[in-house]
Amino acid sequence: MRPLDATLLVLALTSPLLAQDPARDTDELLDLENVVIGVADRLAPSLVRIETFGGARRVLTDDSGLDRIGNLEPSKLDKEVLDALFAKIDPFELAELWTQLGLPPKSDGKPFEAEDLRQLGDRELDRLCRKYQVGRYDPAKAKEDDGKKPLGPLVQPGFLQAQGASTGLVISADGWIATSRFALNFDPSTILVTLADGRAFTARRAGEDTSRGIALLKIEAQDLPVPALADPKAAAVGQWAIVLGRTFAPTGRPTVQLGIVSATDRIFGRALQIDANTSPANYGGPVLDVQGRVLGLAVPLSPTGRDAGVDWYDSGIGFCATLGDVAPLLERQKRGETLHRAWLGVAVDPKHMGPGALLAGLAPGSPASKLGWLRGDLLTAIDGVPVRNSFHLQTLIGARLAGEKVAITTKRGDGEPASVEVMLAAVPAAERKEQTRSEESAQLPWDGDPPQKDGEKGQRR
Amino acid sequence: MNHVIATSLALALAPLAAQGSPYAFAERAPLTRLETLIDRTLPSLVKIHGASGLQNIEPYATGVIVSAEGHVLTLDLVMIQPGQTRIVLADGSVHLAELLPPEPRLGVRLLKFDPKATTLPIRPLEPAAELPETGRFVVSLGNAFRLAEFSEKLSACTGVSSGIATTGLRYRLADVAYEGRLLLTDAPNNPGHGGGALLTLDGRWVGLNARMVESTETNTLLSAAIPCADLRAYLDRWIRGIVPVPPPEAVADVSPGTHGIVLFDRGGRRSPPAYVERVEPGSPAESLGIRRDDLIVRIGDRTVRSCVEFHAVMSAHRAGATLRVTYKRGDEVLQGDLVLGASR
């Protein structure tokens, strides 16, 4: 251990102890501010400023099709609407949808009737009514309903991103830079990385991890200073967390935000929650412990979607995507891979208390829809881990990445358990919400497609 | 038993008698640097109540006593109106404020009350000449959400000094540029907290809590304060009558210098990046070696993300000015000095 580390450690250990003795003049903040400044100055050379040029404003959305806890109740739709829809719907489409949703086959061999449509559930009926222009769907009414949706926990969603400077962290001496995906949301045609010493490089965009909000960039530089990583498993709730940024400090000492680790095990075990202010002013910047080791990167994250979470800026709810435990994933991103959170495509019955999760429906096109599962089947184990209840199923799937294979055990009625290997897919992004937001942002004067230079289109450089 | 009750009553009543408030909490004496600093500074801050009736605009703020003659510095808000602005001191006494001319560039204004009208000792704060060091702890004092009305203490929040924002600042709602620099902090700055004081742990008054300002870099609200270092000239002018020396007369030629760069600008709702369409022969850009298809990314230390930004930065410089231009050619980032020529 170097002398500086030892000093920092002693300060870090003694300060909270002093604070417990109210009779003493406890100026723990005076000790802590020197620790914070020491950490900021030590990390400054590993911080880069990221600026982007060109591209188009992207709309930040929630994901749809989460493995949800939700019951697909038979619809209470009016009979006339059902009849009208039944008259228009393609019978082959209905049969296919029926199978995909995991509805029990019509054992009596009778043809479909209008009343059968109720089994599809409101969500699918809503989609079909839109598709076939049947009375239930009134565009004006739908727009009105959108406005009535309850707001998120803290502030209204729909943050309008500025193409400002962002922060990145050197993770290898030969020029790999980790940053927040937020910095690249515009799909820029040019990415400029400026080191703390003022040298500027164009950066090549490599892969990203949408489940953690991280993206990788590569610059052609050598001998860059690489900071030490902390083991995120050793992080404790209540320990100090220091966040550094380059948006308002292009060179020299970075901007500093201080807080504590508020929770571990967030976003399916991918992030720490911190109460230090995080915002576009420090996204992509490192979150550090008092020894100056990197816990991870400040990123906007949300359980609901890959591009959500910016609404919570500076609110006391911030996320640190851990870095110390994802070395193999970073290697995959260096090869250009895009990693997504896994999706099975099931809805499970919240009224079922467990053990197991009771299937209430399948999302069409999902991995789960291709396995012959039926509504009412019980999911009992994933990779040998017994599923305790619906919430447990969500965490088991949510912690995985798309492309991973899992063995899922199911049970139908009193039958024998059956096991099947499933390749998990990527969570699809929400289409409907994207449209709504696009309509909103299209009205803003600065939002539009910028002219592309010849040869620039699609080029990530 | 009776003895205990009597003692408790005496203890409970002591602060009541002192404050004249029916709901004052007993407090132990301050111990730490932070506690002492807050305790010592609070009597130098005032609550300000102004003209109300305007929708969505809070008729309250905070102010800092800056002279023994009763000068109070606060934000120049709509609610500050002659004859309607009242100052509430730490002892709960109310005073009508006289309005002095504002400092429009930073959006602050001096008020004045009669210090003889109160028995409270007036302890003005001295504005610090230096900016606080990034990473130092700060404490922010103010009347967030008008939680204090009479003699109750203002709110104290702590955080660290986060850095300085210099450009691209604008007032929220009005979308008008804020023409100063701002001290960023992670101590929260809520409505009503504006006009309060930001101090470092060594007791220096370093900032006046700002109103709602956004950054064009982030599209987010900044928790920020106006540096006291930038307020000293205004305070000297209106408290001590020191008239600042006017800046030297602008040079006669006010037209921008020429550079010879013609950008690939097809217009549109969003101005495209500053790609070079062509370079005029014999121009400063040609001498520097700028070519067609180069992308101008920075002029001086200002990042240029669009043609509009390029023209805005260039038009602010006169003939003869030397500008460090950073531009991209292929994957290479190049730099060079552009000496602006005289306009023809």
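In the text below, chain A, chain B and the rest are named by the order of the sequence lines, each starting its count at 1.
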Does any heavy atom of chain B fall under 4.5 Å from the side chain of A:T52, the backbone, both, or neither of them?
-> backbone

Could you look at A:P250 and say if it's the side chain, the backbone, both or neither that has a heavy atom under 4.5 Å from chain B?
-> neither

Please assess A:E33 against B:T200 for the test side chain to side chain contact (heavy atoms under 4.5 Å, CB included), listing each intermediate value before the final yes or no.
-> CA-CA 11 Å; A:E33 68 178 7; B:T200 50; over 6 Å; no

If you count the non-hydrogen atoms of other residues, nucleotides and ligands that lie under 6.0 Å from CD in B:E133, is the total more than 12?
-> yes

Chain B contact via A:T278 - which portion, at a heavy-atom distance below 4.5 Å = neither

Above 12 or not: heavy atoms from other molecules or residues under 6.0 Å from CZ of B:R291?
-> no

Search all heavy atoms of B:T134 against all heavy atoms of A:T255 and return the closest pair with its distance.
-> CG2-CA, 4.4 Å

What part of B:I164 is in contact with chain A, defined as an atom under 4.5 angstrom from a non-hydrogen atom: side chain, backbone, both or neither?
-> backbone

Output the option from B:G163, B:G135, B:G159 having the highest count of non-hydrogen pairs under 4.5 Å with chain A.
-> B:G135

So, the part of B:S306 with a heavy atom under 4.5 Å from chain A: the answer is neither

Starting at CD of A:E28, measure out to OG1 of B:T32 and round the result to the nearest 0.5 Å.
-> 6.5 Å

Between chain A and each of B:P188, B:S162, B:G168, B:A274, count heavy-atom pairs under 4.5 Å; write down the option with the most.
-> B:S162

Per-residue contact mode, B:T216 against chain A (heavy atom under 4.5 angstrom) = backbone

dist A:Q257:CD -> B:T185:OG1 (nearest 0.5 Å) comes out at 8.0 Å

Which one of A:N277, A:D41, A:I37 has the most heavy-atom pairs closer than 4.5 Å to chain B?
-> A:I37

Can you say whether A:A165 sits under 4.5 Å from chain B via the side chain, the backbone, both, or neither, judging by heavy atoms?
-> both

What are the two closest non-hydrogen atoms of B:R305 and A:E51, and how far apart are they?
-> NH2-CG, 3.8 Å

So, do B:R136 and A:N34 sit near enough that their side-chain heavy atoms are less than 4.5 Å apart?
-> yes

State whether the number of non-hydrogen atoms from other residues, nucleotides or ligands found under 6.0 Å of B:Q335 atom CD is greater than 12.
-> yes

pair B:R298-A:T194: side-chain heavy atoms closer than 4.5 Å | yes

With a 4.5 angstrom heavy-atom cut-off, could you sort out which part of A:A200 is near chain B: side chain, backbone, both or neither?
-> both

Walk me through it: do B:K328 and A:T190 pass the test side chain to side chain contact (heavy atoms under 4.5 Å, CB included)?
-> CA-CA 9 Å; B:K328 186 196 83 126; A:T190 298; 3.5 Å; yes

Using modelled atom types only, decide if a donor and an acceptor are shared between the side chain of B:R33 and the backbone of A:L30 within a distance under 3.5 Å.
-> no

Side-chain heavy-atom pair B:L222, A:F248 within 4.5 angstrom cut-off | yes

Is there any side chain to side chain donor-acceptor pair (under 3.5 Å) pair reaching into residues 279-288 of chain A, and which pairs are they, with sequence neighbours excluded?
-> none

Could you look at B:L221 and say if it's the side chain, the backbone, both or neither that has a heavy atom under 4.5 Å from chain A?
-> both

Side chain B:D186, main chain A:L258, donor-acceptor under 3.5 Å | yes

Determine the option with the most heavy-atom pairs under 4.5 angstrom with chain A, choosing from B:V160, B:D301, B:T158.
-> B:V160

Contact class of A:F53 relative to chain B, heavy atoms under 4.5 angstrom = both

